[in-house]
Amino acid sequence: VKESEIIQNVNIYPNPGQRGEAINISLDMEENSDVNISVYDITGRLIDIQNQNLTFGNNTFQLDAIFESGLYIMKLETKDGSIQKKFVVR
């Protein structure tokens with residue numbers, strides 16, 4: 001799978017986050033695009049999935065799920081590829 005060139009400068013915060021707290025994502029888009037966001041725990045279990053229709057420039061949004069303590073992998077997928085980022089919840 002090739003790395004997306006549409007998504008740039010992904011920032012997950014707070015990282016580490018606190019249990020029960022919202023996780024925020026900020027990123028830059030090189031063009032308007034639908035982005036599928038999947039979050040997995042360290043065992044590979046799907047925790048949260050959502051679709052965002054993001055526009056050119058900076059975009060900020062929150063993940064829907066409430067996270068328990070642990071390590072998570074977020075996969076952001078567009079039509080041109082995907083990006084994976086890790087975050088921790090304490």
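All values reported here derive from a predicted model rather than from experimental measurement. Quick note: numbers below take in every heavy atom, side chains included, and nothing from hydrogens, waters or symmetry partners.
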For the OH atom on Y13, are there more than 12 heavy atoms of other groups (residues, nucleotides or ligands in this structure) within a distance under 6.0 Å?
yes
Would one find more than 12 heavy atoms of other residues, nucleotides or ligands at under 6.0 Å from atom CD of E31?
yes
When clusters are formed by joining ILVMFWY residues with side-chain heavy atoms under 4.5 Å apart, either directly or through shared neighbours, do I73 and V89 land in the same one?
no
Supply the atom-to-atom distance Q8 CD to N58 CG, rounded to the nearest 0.5 angstrom.
12.5 Å
If every non-hydrogen atom of S38 is compared with every non-hydrogen atom of Y40, which pair is closest and at what distance?
CB-CE1, 3.6 Å
Under the side chain to side chain contact (heavy atoms under 4.5 Å, CB included) criterion, do Q52 and D34 qualify, and how do the steps go?
CA-CA 6 Å; Q52 295 279 338; D34 285 334; over 6 Å; no
Do you know which two heavy atoms are closest between E30 and F56, and how far apart they sit?
O-CD1, 3.2 Å
Can you tell if the side chain of T55 reaches within under 4.5 Å of the side chain of M29, non-hydrogen atoms only?
no
Criterion side-chain contact (heavy atoms from CB on, under 4.5 Å) against L54, the qualifying member of D28, N32, L27
L27
Working to the nearest 0.5 Å, report the span between NZ of K79 and CD1 of I6.
5.0 Å
Can you name the closest pair of heavy atoms from S69 and R90 and give their distance?
OG-C, 3.1 Å
The reported gap from CG in D80 to NZ in K2 (rounded to nearest 0.5 angstrom) is 4.5 Å
Provide the closest heavy-atom pair for I12 versus K86 in the form atom of the first, atom of the second, distance.
CD1-O, 4.2 Å
N15 (side chain) donor-acceptor with V88 (main chain) under 3.5 angstrom
yes
Within one Ile-Leu-Val-Met-Phe-Trp-Tyr cluster: I49 and I23, side-chain cutoff 4.5 Å
no
With V35, which of T78, N59, N51, N53 fulfils side-chain contact (heavy atoms from CB on, under 4.5 Å)?
T78
Would you check if L63 and Y72 make a side-chain contact, meaning some heavy-atom pair closer than 4.5 Å?
no
State, to 0.1 Å, how close A22 and P14 come at their nearest heavy-atom pair, and which atoms those are.
O-CD, 3.8 Å
